[in-house]
Amino acid sequence: MVGEISRIDCFFSSLPMISKSIVELLRPISLGHYIRSARETGRGQVEPSGRLEFVSALERVALVYANAANLDHEEERLSHLISDVLHSERALLDNPIPRYPIYTNIAILNRFVGVYSHLSIQDTWARCRKALAILCDDWLSFERHALDRFERSKAGGTETTGENFHEKFVRQRIQNLELLCSFLASVDRPTIASVNNSLPARHPIDWIYYALEHDGAVALAHLSALPQSSYHDEYLFLRTLHLTETCFWAIITGIRAATQAYARNEFGITLLALKESNFFAEFMVRALSVFRTLPYESFFDGFRVATGDSSAVQSEKFQHLEIISRGLSDEKRAALRSKKELSWLADWRPGAEATLGGLLASVEQSQLETASNLRAELFRLDRSLQSWRNIHLGIARSYLPEGTVGTGEEGVTYLEKHFQNPGLFAHADNQKVATTTKLVSENAFVTSNDLLGLRIGFIIARDVPVPALLDAARALGEQTKERLKDLSRDTNYALSKLFGYYDPIFARYSKPFPLKKQLQDAMKNGLPDRPIPKLLLSLELSTGLLMGLHDGGALRFPVRVTTASEGQHFEAMNGKTLALGSEELILADEVRAFASYVQGPDKRTAVQLPTEPTGKTIKSLLFAVFGAPGLPEADFEAALDFVQTAAFSMAGRKPDVYLLTTKLAHV
């Protein structure tokens with residue numbers, strides 16, 4: 001005890017006198033206890049009298065800080081934490097039905113990623129990547145801890161889990177989260193102790209620990225997610241919002257950087273800023289694959305009521321991004337005026353030079369050497385944001401019965417009105433290539449249960465200049481080479497996890513999944529020298545998905561996706577005749593099968609480049625993106641967007657896209 005008093009006195013002597021009074025004011029209210037209680041029973045279950053006592057204590061601290069002058073760095077960070085917690089808890093005291101900023105504790109996240117400061121662009125992106133890693137790590141830890149408690153309870157233990165705990169969905173969620181975390185394996189972040197661990201000895205009270213430890217990372221991990229209810233899956237809901245908010249801010253920063261750099265004629269920085277924005281846009285899409293593990297009843301019949309008046313439509317970053325990325329319709333602006341948090345955005349009309357639309361218009365009118373690359377990255381960003389809207393709308397349709405609204409005042413009808421238009425490349429939709437070609441003549445009926453629910457995407461780029469194809473192959477090869485250079489055992493984990501979804505089908509035919517060996521060869525010897533193999537492998541290793549590339553001019557449309565029957569054959573790339581196995585998934589045109597899911601493409605439809613590329617074009621290129629059973633939808637969408645961008649960069653216009661999902665034939 002004497003040693004403890006001595007330690008505290010020593011601490012006081014090393015800080016300004018104000019700190020001693022702050023510590024004494026905060027000592028009776030444990031922040032750690034409050035966080036643990038909220039996670040166990042829900043923040044909405046706090047008694048008003050208890051919240052009043054909590055708020056009153058924080059107001060006394062805030063008053064001391066308000067009258068203090070010249071706070072040092074540590075005192076300032078503690079005062080910020082007090083302010084952020086007080087803002088949230090006072091709002092819940094005044095009205096227990098939370099709005100979005102209060103429900104999400106968004107101030108904690110904003111503080112960490114630098115919304116309230118003046119970080120450099122690079123530092124902002126670094127903070128956002130670190131925030132994603134911290135949030136994903138904490139979420140994964142939360143799910144694993146809950147599953148451990150569930151396992152112990154099954155073995156006769158007394159531990160309990162949150163309401164509506166579904167073992168099947170949580171196990172799938174952990175698997176999807178591990179994949180999501182693996183995309184952040186190279187991000188440097190601290191190892192943060194569990195919220196249930198005891199306080200480090202160097203901190204006399206937990207408020208100081210949360211304010212100072214790991215530069216605010218502990219507060220972000222433990223304090224940002226405080227569910228209102230005791231439903232286990234509400235944590236998923238909150239963490240998805242936090243990941244999305246982080247990506248929104250990173251993309252906003254990227255668009256600002258891109259437009260400002262372009263105005264200064266710094267086109268390399270413009271391209272870099274768009275590429276960085278695309279990382280976060282694609283990550284945001286992938287995060288929704290984890291959300292898909294939320295059972296319907298846990299949301300609509302469970303914690304939905306606890307979310308109160310909170311709605312993601314109230315997100316300031318979301319609406320900010322909407323305005324600078326694709327603009328707002330008059331109807332959407334009218335809707336914003338009714339939101340007290342966002343009314344100022346309703347009439348905000350930034351100059352064209354500060355928006356993606358304005359940047360695109362300038363690029364299209366320029367004669368820059370980098371114009372095609374800039375347009376491709378703009379297209380990629382637009383596609384990823386549109387994919388996020390598409391999946392978000394699909395989630396709303398799945399979780400909200402017809403006629404109901406979401407967590408705020410808006411419902412599926414509202415989302416359907418605004419998810420697509422206006423769009424950055426909307427004008428390209430009106431420039432469809434006139435064609436009578438039909439890609440798929442029938443539904444993709446298969447005869448094997450193992451192939452059920454497999455998604456396949458076809459992207460057709462038309463009238464592709466051969467020099468543009470060669471440039472795209474070279475650029476993608478360089479990007480992939482840089483990734484391979486940086487790959488370690490950990491960063492390779494994302495690809496390995498995706499490859500694993502294909503293993504069962506390939507194992508059925510006693511064949512290894514080819515991308516595993518191709519990745520090893522590429523890391524050891526580099527990518528192939530020939531442009532077409534380099535292009536295809538770069539696309540595959542950039543996304544982790546199996547793909548094909550065919551000369552559309554050599555095909556006799558329509559194309560069918562089906563399963564082979566005994567006795568069918570096709571000519572492989574090396575000229576050998578290969579037997580197709582019974583129920584093997586194949587692509588076929590009106591002539592014969594031209595590709596096998598497990599044996600690759602044929603020789604007839606291989607893309608042949610002319611010896612003299614100048615002035616030559618390829619009538620059409622057919623890219624095939626093959627999913628796998630159980631592959632997260634968001635990872636398929638991210639790969640589809642990536643290929644569409646490559647096709648766009650070659651042809652200079654939007655490619656045609658066809659999607660299908662295999663169904664079981666009745667035979």
Side-chain angles (χ1 to χ4, degrees), residues 136 140 168-185 240 281-294 383-384 387-388 390-392 394-395 398 443-444 446 448-459 492-509 511-516 518-519 536-537 539-548 561 563 583-587 595-598 600 623-644 657-664:
C136 284
L140 182 57
K168 171 187 172 183
F169 293 111
V170 171
R171 289 189 183 279
Q172 181 61 51
R173 187 174 308 158
I174 289 173
Q175 182 178 341
N176 289 3
L177 266 173
E178 288 173 343
L179 174 57
L180 190 66
C181 286
S182 65
F183 286 99
L184 301 163
T240 303
E282 289 171 6
F283 187 90
M284 191 166 65
V285 172
R286 285 191 166 99
L288 290 181
S289 66
V290 189
F291 189 94
R292 286 286 196 183
T293 62
L294 171 65
R383 282 301 316 147
S384 292
S387 287
W388 181 84
N390 292 347
I391 299 174
H392 181 249
I395 287 173
S398 299
N443 288 322
V446 295
S448 168
N449 274 308
D450 293 339
L451 301 174
L452 186 62
L454 188 149
R455 297 188 73 198
I456 301 174
F458 295 100
I459 297 98
N492 183 23
Y493 190 55
L495 289 179
S496 298
K497 292 287 288 185
L498 288 170
F499 290 172
Y501 288 100
Y502 294 89
D503 285 335
I505 293 180
F506 279 80
R508 178 181 173 186
Y509 294 93
K511 294 182 182 297
F513 183 57
L515 288 184
K516 291 182 178 179
Q518 288 173 307
L519 173 61
L536 181 59
L537 187 57
L539 291 171
E540 291 177 315
L541 295 184
S542 294
T543 62
L545 269 63
L546 182 68
M547 298 184 190
V561 178
T563 39
E583 298 189 334
E584 185 175 340
L585 187 75
I586 60 171
L587 306 182
S596 159
Y597 188 85
V598 296
F623 297 85
V625 180
F626 298 101
L631 180 78
E633 177 186 359
D635 287 288
F636 181 86
E637 290 288 339
L640 201 67
D641 289 347
F642 197 85
V643 177
Q644 287 183 71
V657 181
Y658 304 83
L659 299 173
L660 54 84
T661 303
T662 55
K663 303 175 184 178
L664 196 63

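Throughout, residue positions are numbered sequentially from 1 according to the sequence presented.
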- Task: Go through the steps for L585 and I456 under the test side chain to side chain contact (heavy atoms under 4.5 Å, CB included), then give the verdict.
- Result: CA-CA 11 Å; L585 187 75; I456 301 174; 4.1 Å; yes

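- Put simply, the side chain of M284 does not reach to within 4.5 Å of the side chain of S384, judged on heavy atoms.
- Side-chain contact between F642 and E282 is present, with at least one heavy-atom pair separated by less than 4.5 Å.
- Considering only residues two or more places apart in sequence or on other chains, L659 meets the side-chain contact (heavy atoms from CB on, under 4.5 Å) condition with R455, F636, L640, V657.
- Residues passing the side-chain contact (heavy atoms from CB on, under 4.5 Å) test with A287 are L180, L243, sequence neighbours excluded.
- For F506, the ring-ring contact (aromatic ring centres under 6.0 Å, His included) test picks out F513, Y597, with sequence neighbours left out.
- Taking 4.5 Å as the limit, every side-chain heavy atom of Y502 sits out of range of all side-chain heavy atoms of L515.
- With sequence neighbours left out, T240 forms a side-chain hydrogen bond (donor to acceptor under 3.5 Å, both in side chains) with no residue at all.
- Within the model, atoms CD of E540 and CG of L546 stand 6.0 Å from one another, a figure rounded to the nearest 0.5 Å.
- K516 places a side-chain heavy atom less than 4.5 Å from the side chain of D503.
- Between A639 and V625 the shortest heavy-atom distance is CB-CG1, 4.5 Å.
- Pairing each heavy atom of K511 with each of V598, the nearest pair is CD-O, 3.6 Å.
- Nearest approach of Y501 to G630, heavy atoms of both residues: CE2-O, 3.2 Å.
- In this structure, E583 and Y509 have side chains that are in contact, with non-hydrogen atoms separated by less than 4.5 Å.
- Contact of the F623 side chain with the L539 side chain is registered, since non-hydrogen atoms from C-beta on lie closer than 4.5 Å.
- Looking at heavy atoms from C-beta onward, V446 lies out of side-chain contact with L454 at the 4.5 angstrom threshold.
- Separation of atoms CG (L140) and CZ (R173) is listed at 11.5 Å; rounding is to 0.5 Å.
- The minimum heavy-atom distance linking D450 with P629 is given by the pair O-CG, 3.3 Å.
- Across every non-hydrogen atom of G544 and L495, the tightest pair is CA-CD2, 3.5 Å.
- The side-chain contact (heavy atoms from CB on, under 4.5 Å) search around S387 returns V285, R383, E637, D641, not counting sequence neighbours.
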- For the pair L587 and V561, evaluate side chain to side chain contact (heavy atoms under 4.5 Å, CB included) and give the outcome as yes or no after the intermediate values. CA-CA 5 Å; L587 306 182; V561 178; 3.6 Å; yes

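- Side-chain contact annotation: T293 with Q172, donor-acceptor N/O pair under 3.5 Å absent.
- Between F499 atom CZ and L519 atom CG the span is 5.5 Å, to the nearest 0.5 Å.
- Between S182 and A494, the shortest heavy-atom contact is OG-CA, 3.1 Å.
- Here the side chains of F283 and L184 are in contact, with some heavy-atom distance below 4.5 Å.
- Note that CZ of F626 and CD1 of I505 are 11.0 Å apart. Values are rounded to the nearest 0.5 Å.
- Between L541 atom CG and M547 atom CE the span is 9.5 Å, to the nearest 0.5 Å.
- Under the rule for a side-chain contact (heavy atoms from CB on, under 4.5 Å), P504 has no partner lying at least two apart in sequence or in another chain.
- For the atom pair OH of Y493 and CG of L179, the computed distance is 8.5 Å after rounding to the nearest 0.5 Å.
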